[in-house]
Amino acid sequence: MKTRPLLNRRLDGLGTTIFAEMSALATATGAINLGQGFPDTDGPESVREAAVRALRDGRGNQYPPGPGVPELRQAIADHQHRFYGLSLDPDTEVLVTTGATEAIAATMLALLEPGDEVIAFEPFYDSYAACIAMAGAKRVPLTLRAPDFRPDLDELQSKITPRTRLLLLNTPHNPTGMVLTTEEQSAIAALAVEHDLLVVTDEVYEHLTFDGATHVPIASLPGMRERTVSISSAGKTFSFTGWKIGWVTGDAPLVAAVRAAKQYLTFVSGGPFQYAIAEALALPDAFFTGFREDMRRKRDLLAEGLRTAGFRVYEPEGTYFITTDISPFGDEDAYTFCRALPERCGVAAVPNSVFYDDPEAGRSQVRFTFCKRDDVLRDAVERLARLG
Ligand code: PMP
Ligand code: GLN
């Protein structure tokens, strides 16, 4: 065997995701898993039944069409129109993917050349770093700083160089819960137009905004449609993270480029689930408002418990995560803290430090999810109170 490392050097240091590591730790110790973001209650019964029906009726059991089944592409276009007033051609401007994860990978592989620079918020969702690296491009972080985690737009401007190819946005933002305002997005849009940049937005938490914050797709702002690839997914909105149905929307040439890459990653995505998600997207408004309200209540329950336990809580405006500061517990770094947390009190969490290039920047930040049953959250809060 040659002595060269097996793992490609672009993926050096990206061996195991923090989500897999902390979920394995939670399982091994029997801790309540508030680390990886997945609900412990499945999505609507009617949507599950729709998947069963599709399976039984033989819809999607063989390779579905590469861009996605027509019913789902139409439902995605209808959803974008219903919530954001965006008009999309379901045949050329919508692409179904295997979760937002594949959408991110296909978009980066499609749009980037080696050496291109991508400006992305930091802390960043971990697959961004891996996908930008796999495309041979360079990630340039724009750090969101506590306590508000709002982007500094002058700093953004200063990071744009002739090599900058695209801005990778994520709003509502995982892990901080920051939601970009329309004013911030307009300023970002103006920079994108001025410097002729592409914009990719990860909007998987689009339906999870609280306290008057609202999600506005940057694609709906003037001059942005032709330069924006919008990414979303059914996983978070409908509580079916295991189904891995995501999508890309945008102008036809952009979607065609992403489709070219997607063809050689998975070719097509989970057939019967596509029919079920088409029905989910057409659920009445009451579903979306009810889900949001339920999650807001859970956020308040966990935030209050974390504060009582001694954490400094950064109240999120969106997503189903709460970022906290652990300094009140001593000088331990977030990763060491999270490694020990299951043993100390029977709860698992995720250290934000791994979502920064410089782990020192997120040294005292730990993320907890609140997409769990109320009794589970209450149990977790009681356990955390023992930390003292
Ligand atoms: N982007 C963000 C910001 C996420 O939190 C996640 C996890 N749901 C994804 C993308 C991946 O989404 P999916 O599970 O649909 O692949
Ligand atoms: N998006 C989820 C999180 O941030 C889980 C992602 C994953 O497991 N890859 O926790």
Side-chain angles (χ1 to χ4, degrees), residues 14-27 33-40 43 68 72 76 95-108 120-132 144 149 168-180 200-209 215 217 229-249 258 262 265-266 269-270 273-274 277 280-281 295 302 316-323 338 348-355 362 365-372:
L14 299 168
T16 303
T17 81
I18 195 69
F19 307 115
E21 182 181 346
M22 291 301 157
S23 283
L25 186 62
T27 307
N33 189 355
L34 301 188
Q36 190 177 22
F38 62 91
D40 59 1
L72 178 54
I76 293 165
L95 171 69
V96 176
T97 57
T98 303
T101 305
E102 189 201 24
I104 294 160
T107 303
M108 295 304 134
F121 296 144
E122 162 184 274
F124 51 82
Y125 182 59
D126 67 348
S127 88
Y128 301 164
C131 292
I132 294 167
L144 304 177
F149 299 107
L168 174 52
L169 307 178
N170 171 213
T171 183
H173 181 256
N174 177 7
T176 68
M178 182 275 298
V179 179
L180 288 175
V200 176
T201 60
D202 177 343
E203 308 180 7
V204 301
Y205 300 99
E206 61 187 307
H207 287 290
L208 283 177
T209 55
H215 175 67
V229 172
S230 306
I231 292 172
S232 195
S233 155
K236 308 290 167 164
T237 301
F238 301 111
S239 302
F240 290 118
T241 60
W243 288 12
K244 300 299 293 184
I245 299 296
W247 49 87
V248 166
T249 55
V258 180
K262 186 240 150 65
L265 292 173
T266 54
S269 306
F273 295 130
Q274 293 193 37
I277 296 301
L281 285 164
M295 284 298 168
L302 182 62
E317 303 174 293
T319 75
Y320 45 48
F321 303 110
I322 294 178
T323 285
C338 288
V350 159
N352 281 11
S353 46
V354 303
F355 306 136
Q365 289 174 23
V366 168
R367 189 195 83 172
F368 295 84
T369 184
F370 50 86
C371 60
K372 304 293 172 184

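Atom set for the values below is all heavy atoms of this structure, side chains included, hydrogens, waters and symmetry mates excluded. When a ligand or atom number is given, it counts from 1 through the structure's own listing order.
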Part of E102 within contact of ligand 1 (heavy atoms, under 4.0 Å):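 It is neither part, as no heavy atom is under 4.0 Å.
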
Without hydrogens or angle criteria, can the side chains of [X] and [Y] be said to hold a donor-acceptor pair below 3.5 Å?
{"X": "T319", "Y": "N174", "answer": "no"}
{"X": "T107", "Y": "K262", "answer": "no"}
{"X": "T16", "Y": "E21", "answer": "no"}
{"X": "Q365", "Y": "S353", "answer": "no"}

Beyond-backbone contact of N170 with T201, side-chain heavy atoms, under 4.5 angstrom: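 Heavy-atom side-chain distance check fails, nothing below 4.5 Å.
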
Side chains of Q274 and V96 in contact at under 4.5 Å (non-hydrogen atoms):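 Q274 vs V96: side chains touch.
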
Ligand-side contact atoms (ligand 2) for residue partner [X], heavy atom cut-off under 4.0 Å:
{"X": "G37", "answer": "2 (C), 3 (C), 10 (O)"}
{"X": "K236", "answer": "1 (N), 2 (C)"}
{"X": "Q36", "answer": "5 (C), 7 (C), 8 (O), 10 (O)"}
{"X": "Y205", "answer": "1 (N)"}

Among all protein heavy atoms in this structure, tell me which lies nearest to [atom], with the distance rounded to 0.1 Å.
{"atom": "atom 5 (O) of ligand 1", "value": "Y205 OH, 2.6 Å"}
{"atom": "atom 11 (C) of ligand 1", "value": "T101 OG1, 3.3 Å"}
{"atom": "atom 15 (O) of ligand 1", "value": "S233 OG, 2.6 Å"}

Ligand-residue contact atoms, ligand 1 with [X], heavy atoms, under 4.0 Å:
{"X": "A100", "value": "10 (C), 11 (C), 12 (O), 13 (P), 15 (O), 16 (O)"}
{"X": "K244", "value": "13 (P), 14 (O), 16 (O)"}
{"X": "N170", "value": "3 (C)"}

Evaluate [X] for polar contact with ligand 1, using N/O atom pairs at a separation under 3.5 Å.
{"X": "K236", "result": "yes"}
{"X": "Y128", "result": "no"}
{"X": "Y125", "result": "no"}

Lys/Arg cation over aromatic F38: K236, 6.0 Å, 45° cone: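 K236 over F38 ring: no.
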
Nearest-option assignment for atom 4 (O) of ligand 2, heavy atoms, candidates N174, V350, T241: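 Nearest heavy atom to atom 4 (O) of ligand 2 lies in N174.
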
Candidate with minimal heavy-atom separation from atom 10 (C) of ligand 1, of D126, D202, T98: D202

Region of M22 engaging ligand 2 - heavy atom pairs below 4.0 Å: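 Answer for M22: neither.
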
Ligand 2-proximal atoms of Y125, by part, heavy-atom distance under 4.0 Å: side chain

Value rounded to 0.5 Å, distance of NZ in K244 from OG1 in T98: 8.0 Å

Interatomic distance, T249 atom OG1 to L95 atom CG [nearest 0.5 angstrom]: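 These two atoms lie 10.0 Å from each other.
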
Any V204 heavy atom less than 4.0 Å to ligand 1: yes

F273: partners by side chain to side chain contact (heavy atoms under 4.5 Å, CB included), with sequence neighbours left out: A51, W243, I245

Residues in side chain to side chain contact (heavy atoms under 4.5 Å, CB included) contact with A349, at least two apart in sequence or another chain: C338, L341, V366, F368

F321-F370 aromatic ring centre distance below 6.0 Å: no

F321 to ligand 2, any heavy atom closer than 4.0 Å: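 Under 4.0 Å: yes for F321.
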
